[in-house]
Protein chains: 4
Amino acid sequence: MLPIESPRQRRKEARPAELLAAALEMFVEKGFAATRLDDVAKRAGVSKGTLYLYFDSKDALFKAVIQEGIVPVLQQGAGMVERHTGSSADLLRDLIAAWWQLIGNTHLGGVPKLMISEAGNFPEIATYYYENVILRGRDLMRRTLQRGIDQGEFRALNIEQAIDVIFAPVLMMAIWRHSLGACGCGQHDPESYFATHLDMMLCGIAHPSATVQPDGMHS
Amino acid sequence: MLPIESPRQRRKEARPAELLAAALEMFVEKGFAATRLDDVAKRAGVSKGTLYLYFDSKDALFKAVIQEGIVPVLQQGAGMVERHTGSSADLLRDLIAAWWQLIGNTHLGGVPKLMISEAGNFPEIATYYYENVILRGRDLMRRTLQRGIDQGEFRALNIEQAIDVIFAPVLMMAIWRHSLGACGCGQHDPESYFATHLDMMLCGIAHPSATVQPDGMHS
Amino acid sequence: MLPIESPRQRRKEARPAELLAAALEMFVEKGFAATRLDDVAKRAGVSKGTLYLYFDSKDALFKAVIQEGIVPVLQQGAGMVERHTGSSADLLRDLIAAWWQLIGNTHLGGVPKLMISEAGNFPEIATYYYENVILRGRDLMRRTLQRGIDQGEFRALNIEQAIDVIFAPVLMMAIWRHSLGACGCGQHDPESYFATHLDMMLCGIAHPSATVQPDGMHS
Amino acid sequence: MLPIESPRQRRKEARPAELLAAALEMFVEKGFAATRLDDVAKRAGVSKGTLYLYFDSKDALFKAVIQEGIVPVLQQGAGMVERHTGSSADLLRDLIAAWWQLIGNTHLGGVPKLMISEAGNFPEIATYYYENVILRGRDLMRRTLQRGIDQGEFRALNIEQAIDVIFAPVLMMAIWRHSLGACGCGQHDPESYFATHLDMMLCGIAHPSATVQPDGMHS
DNA sequence: CATGAATGAGTGTTCATTCAT
DNA sequence: AATGAATGAACACTCATTCAT
């Protein structure tokens, strides 16, 4: 998918994480177009020219923000599903809790909102993001749901649809926090929000013969 | 004797709506900052100067897009809850189906994405939107859920959280369509998607003693 | 100098004086470039399009303002010098008083300021103004001074320089009123100002043997 | 050890003065509104964007032009009156000669015309100019005239009016040069013009018993 | 004659990008 | 490597001018 290695690639790895962090924050807060590189530089504590030592252009900075923002967590979670031994309901709980702790509740939590906002202006990045992040995440969910169905824990489901239905409330929490939630519009407590979500959802997908044991997030 | 409307007159009265429609499309597609007024004008088939005959500034145009985009549907749905006589599950189905038909599946479906993207740059509009749209929508959901609980149809729920959990998948469908979905990334069929959502969700909130009758969207 | 007669010319004579008056006021107040035709039209109580029924362009309006503003008073004063029988000092007093009453103190008093401000942008109008207004005015002054010298009332003077020296304070009063004076900066009383000017000036140009009889403006 | 100034550094410090000089010329020539920042930049030999490194807006540039244009000469002349030991007539001659050499005959000579033209559009600048320039100038004149009266050199005068009467011809010379005079309309020689003015004026204000010694400008 | 909706060239201002230091 | 002064293309906004009514 990505070029394996190149001088540019090597330099990219040396790019100060501060620049990317500053850019992510600004992009999430103002959007790509409304973010001025001056502000990114100021927030990172460097001069505007320094940005160009590490990134060829504003577009390149955006791409790096998206790619660097997800690479570190791409592999996480896959092992989670493999290694899991308990109930599938617990696995589902763990997946969601992990996503929230590793992404949603970190500074990476703004990436989904950013990607949604800028997909139209960066279709190739959107495609990259879809294939490398979303599809992989859906795969984890798919295997988890299939596992639960196979083991008689979950009832028969339209899995492809269920994946999105289940993940939507989690995504929305992250999106909300970086949009209207940041404007002082009503805030929810993630803990109880996810608890309610899992409670309803696990109830809704449980096999009729199975006994659902309600449980909040064990974070 | 009705005053004869000249073509020019007719045009003048229709202009604002045409301009707002064009602006909404562009704003949703490119974001506020990346949208050029020249493009909005061109899409509406007028010159740039004409925009300024009807809107004082780009900001004012944005505000009008949001406000005009929701005013027409503000009252809708309230009567729906009042008049409903059947089961609360059906009411929930109807509400979601109505939202999708009146908003999500129309050109207004991009407003949520737009509002999410630009909330940071227009906090006062975000607040306006929250108070006049989101809170009213949540109110409809709240009354519906409360009705179901009171009538023993739904089990006890943390209503405030449930509202968002239930609406998130619907919102996400509209958002997706105007972001990554528009870039060719995987498309879902809204019909079956909502059917799955309702199936799982109604199952998840049904009172243990109640019998849930699965039902797709009756559109 | 000007085209004698033409359809355009005939129409010009029918031009509403209100338009020219409104334009003069705006031009004097804001300058040519900063004056919007919308404002001129509004002040004249007509629509913007109507201006174009009478004037081909903003430039044409400006030219008309200058030309129409001075034509009515071009002939005045010439007869004054011819007919005068008293002392040359009195004639000088009368000329200045007449200029102030007919021009300086009317709405035409802004023309000098306007011409000064816009000479650089309308050199041909400036030349026209110079030749048809300023030179004629200087001629009146020259004849008056020459008359006084010839009659032994005034001492020998560098007449060409004296003309401007004598008229400068009068002009400045009109200019001041339409510039800083209109901003609330210190105002002078024209009566006593001119009295002082005439007193000093007549004293300054009187022939040593002559007796100067101080006299204010007899308005 | 003086820090070595790089050409770039030297340029940076000289920039504002270069820009202001270019702006003053353009403003005087065309007026504020008709002056394009592109032209100011071109005349200063920089790009349009560079202007904005030093001035926030066109308005700010105008304000700076006025303020910087007069600050350097604000103190001059005050000492002149204090130190003067000769006749008051000579002091008056010196004041006028100094004004002409330091302001009227330099590139600052356009400021009065500019201020007159734009007072209506910049009332606060006009007030600033009036209080900080005009009032101080009038003060010098007032003290000079009072000095002459007290010493019996000048006759009783309405001093406040006399100040303006005396300065008007000097001002008009500067104004003329930057308006109609620049269009090829009749030019006067400042030397003989001021000589005539001083001759007439000193004669006009001399105490009857005093002997006026005519004298040209000793520049 | 009169209107005012519509136009589009022009200008103030911003900001990504470059490069001399 | 790092800076920040300088650039100029791009865009929001204005307003003289036109023309259908």
Side-chain angles (χ1 to χ4, degrees), chain A residues 11 14 16 32-42 45-61, chain B residues 4-13 15 33-42 44-61, chain C residues 11 14 16 32-42 45-61, chain D residues 4-13 15 33-42 44-61:
Chain A
R11 200 180 68 177
F32 175 80
T35 293
R36 285 175 296 142
L37 290 192
D38 265 322
D39 292 341
V40 173
K42 190 178 299 176
V46 300
S47 75
K48 188 166 46 169
T50 301
L51 277 175
Y52 281 85
L53 294 176
Y54 296 96
F55 305 98
D56 289 339
S57 67
K58 196 185 183 188
D59 276 37
L61 177 60
Chain B
I4 310 288
E5 276 199 341
S6 70
R8 197 177 182 104
Q9 194 61 27
R10 234 176 298 120
R11 205 67 201 284
K12 180 179 188 307
E13 289 168 11
R15 276 273 194 268
T35 294
R36 283 173 297 140
L37 290 192
D38 266 323
D39 292 341
V40 173
K42 190 176 301 177
V46 300
S47 73
K48 187 166 48 168
T50 300
L51 276 176
Y52 283 86
L53 293 176
Y54 298 94
F55 304 98
D56 287 340
S57 66
K58 196 183 183 188
D59 276 37
L61 178 60
Chain C
R11 202 180 67 180
F32 175 80
T35 293
R36 285 176 298 142
L37 291 191
D38 266 321
D39 292 341
V40 173
K42 190 178 301 176
V46 301
S47 75
K48 187 165 47 169
T50 300
L51 277 176
Y52 281 85
L53 294 175
Y54 297 96
F55 305 98
D56 290 338
S57 66
K58 195 185 183 186
D59 276 38
L61 178 59
Chain D
I4 309 289
E5 275 198 345
S6 71
R8 195 175 184 105
Q9 193 62 25
R10 234 176 298 119
R11 206 67 200 283
K12 182 181 188 304
E13 290 168 11
R15 275 271 194 270
T35 293
R36 283 173 297 143
L37 290 190
D38 266 323
D39 292 342
V40 174
K42 190 177 299 177
V46 301
S47 73
K48 190 166 44 167
T50 300
L51 276 176
Y52 282 85
L53 293 177
Y54 297 95
F55 304 99
D56 288 339
S57 66
K58 197 185 182 186
D59 277 37
L61 178 61

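Residue numbering restarts at 1 for every chain, and letters A, B, ... go by the order of the sequence lines.
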Inset, instruction - Applying salt bridge (charged side-chain N to carboxylate O under 4.0 Å, His left out), name anything that partners Lys58(D), two or more places apart in sequence or on another chain. - result: none

Inset, instruction - Figure out the CG/C1' separation between Leu53(C) and dC19(F), and round it to whole Å. - result: 11 Å

Legend entry - Spacing of the P atoms in dT21(F) and dC1(E) (rounded, Å): 23 Å

Inset, instruction - At under 4.0 Å between heavy atoms, which parts of nucleotides 10-17 of chain F does protein reach? Answer with one letter per nucleotide, 5' to 3': B base, S sugar-phosphate only, - none. - result: BSBBBSBB

Inset, instruction - For Asp56(B), check side-chain contact (heavy atoms from CB on, under 4.5 Å) against everything at least two apart and list the hits. - result: Ala60(B)

Inset, instruction - Could you run through DNA chain F and flag its stems, i.e. three or more consecutive Watson-Crick or G-U pairs with both distances under 3.5 Å? - result: E:2-21 with F:2-21

Legend entry - Short side-chain N/O contact from Tyr54(A) to OP1 or OP2 of dA2(F), under 4.0 Å: yes

Inset, instruction - Could you tell me the separation between the CG atom of Leu51(C) and the P atom of dT18(F), rounded to a whole number of Å? - result: 13 Å

Legend entry - Between C1' of dA6(E) and CZ of Arg15(B), the distance in whole Å: 8 Å

Inset, instruction - Name all residues meeting the side-chain contact (heavy atoms from CB on, under 4.5 Å) criterion together with Tyr52(B); count only those two or more places apart in sequence or in a different chain, and write none if there are none. - result: Leu37(B)

Legend entry - dA6(F) phosphate, OP1 or OP2, under 4.0 Å from Ser47(D) side-chain N/O: no

Legend entry - With sequence neighbours excluded, residues passing salt bridge (charged side-chain N to carboxylate O under 4.0 Å, His left out) with Asp38(B): Lys48(B)

Inset, instruction - Look up atom CG in Leu61(B) and atom OH in Tyr54(B), then write down how far apart they are to the nearest 0.5 Å. - result: 13.5 Å

Inset, instruction - Could you tell me which non-hydrogen atom of Ala33(B) sits nearest to which non-hydrogen atom of Ala33(A), and how far apart they are? - result: CB-CB, 3.5 Å

Inset, instruction - Nearest whole angstrom, please: distance from the C1' of dT18(F) to the CZ of Phe55(C). - result: 18 Å

